[in-house]
Enquirer: 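To start, I am sharing the structure in question, which I have written as structure tokens.
These numbers come from a predicted model, not from an experiment. Letters A, B, ... are given to chains in the order of the sequence lines, protein chains preceding strands, and every chain is numbered from 1.
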Protein chains: 2
Amino acid sequence: MSEAPAVAVSTVIFTLRPDDDGNVRLAVALVRRIRAPYEGLWALPGAPLDSNDDLQTAAASALYTTTGLEPRYLEQLYAFGQVDRSPDRIISIVYWALVGADEAAAARENDNVAWFFADAIPPLAFDHSLIAEYALWRLRTKVEYSRVALGFLPETFTLAQLREVYEVVLGKQLDPGNFRRMVESADIVQPTGLRLAGTPHRPPQLYRYNPTRDLTDPDPLTRVASASDTGNRDDIRTLGAAS
Amino acid sequence: MSEAPAVAVSTVIFTLRPDDDGNVRLAVALVRRIRAPYEGLWALPGAPLDSNDDLQTAAASALYTTTGLEPRYLEQLYAFGQVDRSPDRIISIVYWALVGADEAAAARENDNVAWFFADAIPPLAFDHSLIAEYALWRLRTKVEYSRVALGFLPETFTLAQLREVYEVVLGKQLDPGNFRRMVESADIVQPTGLRLAGTPHRPPQLYRYNPTRDLTDPDPLTRVASASDTGNRDDIRTLGAAS
DNA sequence: CCAAAAGTGTTTTAATTACACCCATGC
DNA sequence: GCATGGGTGTAATTAAAACACTTTTGG
């Protein structure tokens, strides 16, 4: 009889950041492994699950430990448990998170913690390459039918900024006019009445996200979480389950 | 310091079965708890994770133990790990499964194992009521954009049977003509060329599911699973991840 | 006035829905 | 023939995409 499987929680952390040419791109936070196995390789941030922590708390804490940031959005991705995915039997419960582009710019980064552009992720330890790819897929599909994109933006923003988030995540240009109508009819945001001044063109309206609506439409899990809020941080806009 | 969390795997098993009036309805398999806590209450079938089993194997085995059946479709639902969801700290990795209506009719059933109609599930042990509700939500949303409905049907079937599955799961009537066109354009099934005889009306065509397509469109996880098939049962039509 | 992005309007296209109607069989 | 569900056709509605055009600012 072998030992009981160990449980770990990891988080795929996404943000937006400009590359050297000034183009905004999707980026993922990775940590370098400092011990065997896969010593020296990059991996997803994570830690063994502390028995006193909820899964979501553990995921947020992995995020905080590596970046010093709080998630704007946090959702469970999948539980990985193939017997041979690691030398020891480890069940990894993986979350994915969005952090604000503004905050991430100031996030810590060093030899062992770094941001990688999503289209240039190096080979990762364990099955983490597959996990990262899956998280990316989930982000992209979810952007199309939910409001998670707001998780990258600060409190107020212009529609052009919001559209840029969609364009970067989806990897394609969007028609400004149609985008505006889509956003308005989906009731995603509220106008603040303020305008952004100082532009060399017509000053755009500033919007904020609609606080009466969650970033995703509520599935039964999210509904329970927001109804009987059991000590969850209220700076995470949704605690949503998968969907 | 408390002990390491234990890992269990449970499965929400769906099938279709007729009620006393002969109406086909969605049903879930439950087992009665024979020990504390929640002794006597109904619960989802499951078991502690054996260190030698993959998660999916464990889910299929929970299914087999309770019903004696093999899943036609099996997908991970969610990992539940709230600290207070059980007296001991237990991380439950939950799968959901579809079994054929024809086979389920012959499945074992006794004082401690029974099928309950999905709209009449009794209060369950632990947080299993919430889990069952979430699985139901996932099944319903997934039926709308994938081909999982085929998981309820035998090898060959008529379009009317397939439509009935959709109607029962979604809880609404569908237009036969439009349904036919939807199925044809989505390339869900293949005509067998055979016809069902003995009806008091025009004999319908028999179809089989399209084996060149999976029951769900492949996300990165499913794609890997089917490409490098690592000992998965080939009678499960997809090993799909969540989506 | 010009450049540039904000913002509005209109046309085209495609997908969805609603519903009328014919077809083929057992009785 | 007639009742019944199988199967086809078509018009109406709605949503998505394409794209022209007007507005408002800084320089």
Enquirer: Would you say the ring centroid of B:Tyr207 lies under 6.0 angstrom from that of B:Phe157?
Expert: no
Enquirer: For C:dA24, take OP1 and OP2 only and decide whether either is under 4.0 Å from a side-chain N or O of B:Arg195.
Expert: no
Enquirer: As a test of reading the structure: which of C:dT25, C:dA5, D:dG6 is closest to the side chain of B:Pro203, going by heavy atoms?
Expert: C:dT25
Enquirer: Whole Å only: how far is the CG atom of B:Leu194 from the P atom of C:dT25?
Expert: 15 Å
Enquirer: Mapping A:Gly177 and B:Thr158 onto DNA chain D by nearest heavy atom, which one lands closer to the 5' end?
Expert: B:Thr158
Enquirer: Please report whether the ring centroid of B:Tyr73 lies less than 6.0 Å from that of B:Trp96.
Expert: yes
Enquirer: Rounded off to whole Å, could you give me the CG-to-C1' distance for the B:Leu196 and C:dG26 pair?
Expert: 13 Å
Enquirer: Check every strand shown and say whether A:Ala160 touches a base, only sugar-phosphate, or nothing at a heavy-atom separation below 4.0 Å.
Expert: sugar-phosphate
Enquirer: For A:Asp219, is there an ion pair with B:Arg138 - N to carboxylate O distance below 4.0 angstrom?
Expert: no
Enquirer: C:dG9 base to A:Arg181 side chain: any donor-acceptor pair below 3.5 Å?
Expert: yes
Enquirer: Return the 5'-most residue of the pair A:Asp175, B:His201 with respect to DNA chain D, ranking by each residue's nearest nucleotide.
Expert: B:His201
Enquirer: Measure from CD on A:Glu144 to P on D:dA16 and round the result to the nearest Å.
Expert: 12 Å
Enquirer: Would you indicate, yes or no, if C:dC23 has its OP1 or OP2 atom less than 4.0 angstrom from a side-chain nitrogen or oxygen of B:Arg202?
Expert: no
Enquirer: Side chain of A:Asn178 only, please: which of D:dT23, D:dA17, D:dG5 is the nearest?
Expert: D:dA17
Enquirer: Take atom OH in B:Tyr64; do more than 12 heavy atoms of anything else shown fall under 6.0 Å from it?
Expert: no
